[in-house]
Every structure is written in C-alpha cells, then in structure tokens.
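Starting from 1, each residue takes its place in the sequence as its number. What you see below is based on every heavy atom in this structure, not just the backbone, and it leaves out hydrogens, waters and symmetry mates.
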Amino acid sequence: MVTHKQLADGVELNVLPSHQFKTTRVVINFIAPLAAETITQRSLLANLLETNSQDYPTQADLAAKLSAMYGADFGVTVGKQGNAHIFSMVLTVVNDRFLPGETHVLKDGLAFLKQILWRPNAAAGAFDATTFKREKANLAAYLQSVYDSKQAYASLQLQALYFQSSSAQRVPSFGNVKDLADITAVSLFNYYQQLLAHDQVMITVLGDVVPEQVVQEISQFPFAARQSAAYPIFYQQPKLTSVLEKNDYQVTNQAKLNLAYHAPIYFYQTDYYAMLLANAIFGASPLSLLFTNVRERASSAYYANSIYDGFRGLITVQTGIDASNYQRVKQIIAAQLAALKKGEFSTDLLTQTKAMLRNQYVSRLDSAGYLTHRALIQKLVPAAVVTNSAFATALEAVTKAEVVAAAQKMVASRILCK
C-alpha cells in the first residue's frame, strides 16, 4: 500500500512498496512555475549538484562514494510539464536484501542526498569558483551540441515559432546560451537558496522497503514549510488563425520538415484517450498513416512520426527528407490528417492501435523510472490517478467517431523546414 506523508506544508513524501525490483529508487522533485528567467539557472544548478559537494569536493570523491554504496547511481535532471519546471534529484541503490551481510545502503543513500542538498560545494555565499567555471563551460558546450544536431535544432526552432506568445515555453527545458552568460557563482547560489525554500517538493521512494523506516529517515531532512503556488498546470496556447511557415537554409545531408498542430485536449481530461488514439493513428506508431503512406508507400521520407504533448495541447510531426521532396511530403502529410479527420482508416487499424497502446502501457510498468515519474504526474494532475485496468477499459471504450472528433480539433499551425 502506498504511504503518503506530509513532511511540511508544500513538502510531500510518497513511499511505493514493491517487490518488483532489486533496487530502490529515490526521486526528489522540486516543482516551480515555469519562468523564462530561471530555466537556465536550474539547468546549471543541476550540473553543479551532481558533480561534487562539501563532503565530496571532487568528482572522483563523489564517484568513490557511489562506488562504496555498491555502485549506486546518482544524477540531477531538469524538465518541463506544461506550466511547471521540474528539477529532479535521482538516486538508485541496490536493495539491502540482495547484499551479503548486514548493510544499510538505503539509509546511507538518503544521508548522501541530505549532504548533497544542504552541504553544496559553496562558501561565503557563492559556489566553488573552479567547479562553477567548469560546469558553466560544460553547459555552454552541451547547448551548442544540441544545436549541432539538425533534428534537435529543427525541433527547437519549431518550438520558438509556435510559442510566440510565451517566452517561458520558447526556452528549452535545459536553458539557452544567452541566459547562461549572465549567471555568476553568487547569483546561482542565491537562486539555489530560493529553490530550497520556495519550490514545492515531492519525494518518491520505490522499492522493497519498510515505509515506516523510510518516513523516519526522510523526516530528518530539514525542509521548511512553503506556500503552494497556484497556477494552471496546462499551458493553453491562444488559437492561431493562420499557418506560419519558416524555411531555414543550412548545408545538410538531410532536410528536416517539422510541423506543429494546435490540439486543445489535455492530459487525462475530457477526450484524452480519443486524442491519444488519434495521434497514434496519425503518426505515433509503425502502423500509423504517416509511417505507412509517407515513409513506406511514397518513399518520400527517411522517417516520419508525430508526438502528442498533453500538457500543452500540441502535436508535432518530425520528418527527415530530401529537400527536393519538400512540397510533396507536406502535401502527403496534410492528406493523412485530412483522411484521419474524415474517418478514412480501417476498424482493424483502430483495434491494432488500441492493442499497441495497451502493450506500451503495460511494458512501462516494468520500469522503476516510469513508475516514479507516473507518481509525479499524478501529483500534478490528480485525474491521472488511474488503475492499470481502468486505463485499458477507457482506451477500449473509445469509438471511431470519438477518434475522428478528436482529430478534427487538430489545426495546422506552424511549419518549419531546415
């Protein structure tokens, strides 16, 4: 049985006992309203905290500590979910039950996380200068490498084109070079104090554990109470009245044609399952219209797929094409969406797509990472608290007419070719 514990106002602990895994996964999520001016700070902060601390002042020291905990895995990541930015500290340790002798790896691991959080490598109100300079340079190099990836570049440019009315949505979840330049060791340390004091905190522990022991250990973390920030989790893009097209000319072996569609149906809200199926039939599976008709039959793309973002009411299409096929591929993609909106797909395709989505859902349940992420989503969207059987039942109940109705809400909005 899941154990929920309110450690303080705005600080929540969820313990998910499970005999499924030989490891225990601990995730500490810091959740804040998405703001353009803080995204890059949070990304750089993630790099700093997973590198060293006062107790482990070098990367080698920190690696040695993880090794001593029987090869524990530790990392800090950042990401977006609609109007929220998530800063996540993740530790995975071997369950003590599978180690020889008497061990306390989980207890040691929780103590390690406490040290990382409250004893960072900082002094006199600033992060260690050497570490800060190195990690700032590393992040700058990473940001540049992302833009060197042609599909990543195209996706980010499409995002900037689509979210013209929201600076926060335009900035990638990992930040940008422009904002990075202004961050100092002092300003970042000051922001870190704000994060610790004001972000909503959700801690999830998944594994073969005794909940009472986990609660006892984590209750010792000195989290102070904080006020809950009221903001809508779903980003609702103003409806765009015309399609905006942009061409970006670069020397490349393979052109990228990416498209964005306004799809105002949100995660686990009304018609969510219908939109999930509509997107899968459109381009999110090997059975899809895009894969079958753009890539296979027309042989006009090296790949063609679609992604549904239920937190932002958005569907994007990514393709790799020969530049000479640009107009033809664009027309074929438009034809597939038109066919979907008219219901010109077989009952067999709908049945097969339902089975594929059910199988994908079940297969994810074997992932500790997915299960802890699902716990976070359920915190952000209470309607997402759905049992495995309820998911399958709701998916099966969707009719072809409902899929068509969901597809008809998709509106072509932005086109980018690079």
Side-chain angles (χ1 to χ4, degrees), residues 1-8 11-31 46 48-77 86-121 196 201-223 362-379 387-388:
M1 179 180 291
V2 177
T3 297
H4 300 282
K5 177 72 174 178
Q6 198 76 24
L7 302 178
V11 182
E12 176 183 327
L13 168 63
N14 295 300
V15 185
L16 314 178
S18 172
H19 301 297
Q20 187 175 356
F21 307 102
K22 293 184 178 180
T23 58
T24 301
R25 183 179 176 88
V26 182
V27 183
I28 305 178
N29 293 303
F30 293 86
I31 308 166
L48 282 171
L49 292 185
E50 74 174 12
T51 299
N52 57 32
S53 71
Q54 285 187 37
D55 300 285
Y56 314 105
T58 69
Q59 287 178 292
D61 293 332
L62 192 143
K65 174 60 178 178
L66 294 174
S67 179
M69 292 191 293
Y70 293 87
D73 184 63
F74 170 67
V76 188
T77 64
I86 317 296
F87 180 98
S88 302
M89 185 171 286
V90 183
L91 177 72
T92 302
V93 297
V94 177
N95 193 291
D96 287 305
R97 300 176 191 272
F98 298 98
L99 295 172
E102 184 177 351
T103 59
H104 305 281
V105 177
L106 178 57
K107 184 175 181 178
D108 291 345
L110 293 175
F112 167 80
L113 290 177
K114 186 178 177 182
Q115 290 173 320
I116 294 293
L117 276 171
W118 283 280
R119 289 177 55 81
N121 194 1
L196 274 179
V201 179
M202 178 182 172
I203 306 170
T204 302
V205 179
L206 169 69
D208 190 1
V209 299
V210 178
E212 293 79 11
Q213 293 177 357
V214 173
V215 171
Q216 181 180 3
E217 292 295 331
I218 295 182
S219 293
Q220 298 175 33
F221 284 26
F223 282 114
V362 171
S363 67
R364 291 191 188 111
L365 299 178
D366 290 329
S367 165
Y370 171 76
L371 293 174
T372 51
H373 181 70
R374 184 173 72 167
L376 169 65
I377 298 303
Q378 291 172 343
K379 163 72 174 176
T387 64
N388 303 340

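- Annotation for Met89 and Phe74: closest pair CG-CE1, 3.5 Å, computed over non-hydrogen atoms.
- When side chains are defined from C-beta on, Phe112 does not count as touching Val93, because their heavy atoms never get closer than 4.5 Å.
- Atoms CG and CZ, on Leu206 and Arg374 in that order, are 10.0 Å from each other to the nearest 0.5 Å.
- Atom CD1 of Ile116 and atom NZ of Lys65 lie 10.0 Å apart (nearest 0.5 Å).
- For the pair Asn14 and Met202, the minimum side-chain heavy-atom distance is below 4.5 Å.
- Each of Thr3, Val26, Ile28, Val27 was evaluated against Val205; a single residue qualifies, Val26, per the side chain to side chain contact (heavy atoms under 4.5 Å, CB included) test.
- Counting only heavy atoms from C-beta outward, the side chains of Ile218 and Ile203 approach each other to under 4.5 Å.
- The pair Glu12-Lys379 meets the salt-bridge criterion, since a charged nitrogen lies less than 4.0 angstrom from a carboxylate oxygen.
- Between the CG atom in Asp208 and the CD atom in Gln20 there is a gap of 11.5 Å [rounded to 0.5 Å].
- Residues Leu106 and Gln213 have side chains not in contact (no heavy-atom distance under 4.5 Å, counting atoms from C-beta outward).
- Taken from CG in Asn95 to CZ in Phe21, the straight-line distance is 12.0 Å, to the nearest 0.5 Å.
- Going from atom CG of Leu117 over to atom CG of Leu113 covers 6.5 Å, rounded to the nearest 0.5 Å.
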Evaluate side chain to side chain contact (heavy atoms under 4.5 Å, CB included) for Val105 paired with Leu99, printing each intermediate quantity in order.
-> CA-CA 9 Å; Val105 177; Leu99 295 172; 3.4 Å; yes
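- With a 4.5 Å cut-off on side-chain heavy atoms, Phe87 and Leu49 count as touching.
- Put simply, the side chain of Ile31 does not reach to within 4.5 Å of the side chain of Val201, judged on heavy atoms.
- In this structure the side chain of Val11 never reaches within 4.5 angstrom of the side chain of Phe221, judged on heavy atoms.
- In this structure, Ala375 and Leu16 approach most closely via the heavy-atom pair CB-CD1, 4.3 Å.
- Thr372 and Arg25 share a side-chain donor-acceptor pair at under 3.5 Å.
- For the 3.5 Å distance criterion, the side chains of Thr103 and Asp96 qualify, holding a donor opposite an acceptor.
- The side-chain heavy atoms of Val2 and Val15, taken from C-beta on, include no pair separated by under 4.5 Å.
- Rounding to the nearest 0.5 Å places CG of Leu110 at 7.5 Å from CG of Leu91.
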Start with the C-alpha distance between Leu13 and Val215, add both sets of side-chain angles, then the distance that settles side chain to side chain contact (heavy atoms under 4.5 Å, CB included), and finish with yes or no.
-> CA-CA 8 Å; Leu13 168 63; Val215 171; 3.9 Å; yes
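- Checked by atom type and distance alone, the side chain of Ser67 never pairs as donor or acceptor with a backbone atom of Ala63 at under 3.5 Å.
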Please walk me through it: do Val76 and Ser88 pass side chain to side chain contact (heavy atoms under 4.5 Å, CB included)?
-> CA-CA 6 Å; Val76 188; Ser88 302; over 6 Å; no
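- Relative orientation of the Trp118 and Phe223 rings is perpendicular, given thresholds of 30° and 60° on the angle between their planes.
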Where do Thr204 and Leu376 land on the side chain to side chain contact (heavy atoms under 4.5 Å, CB included) test, with the steps shown first?
-> CA-CA 8 Å; Thr204 302; Leu376 169 65; over 6 Å; no
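- Of all heavy-atom pairs between Pro222 and Lys114, the closest is CD-CE, 4.0 Å.
- Checking side-chain atoms of Glu50 against main-chain N and O of Gly75 turns up no donor-acceptor pair under 3.5 Å.
- A donor-acceptor contact shorter than 3.5 Å links the side chain of Asn52 to the backbone of Pro57.
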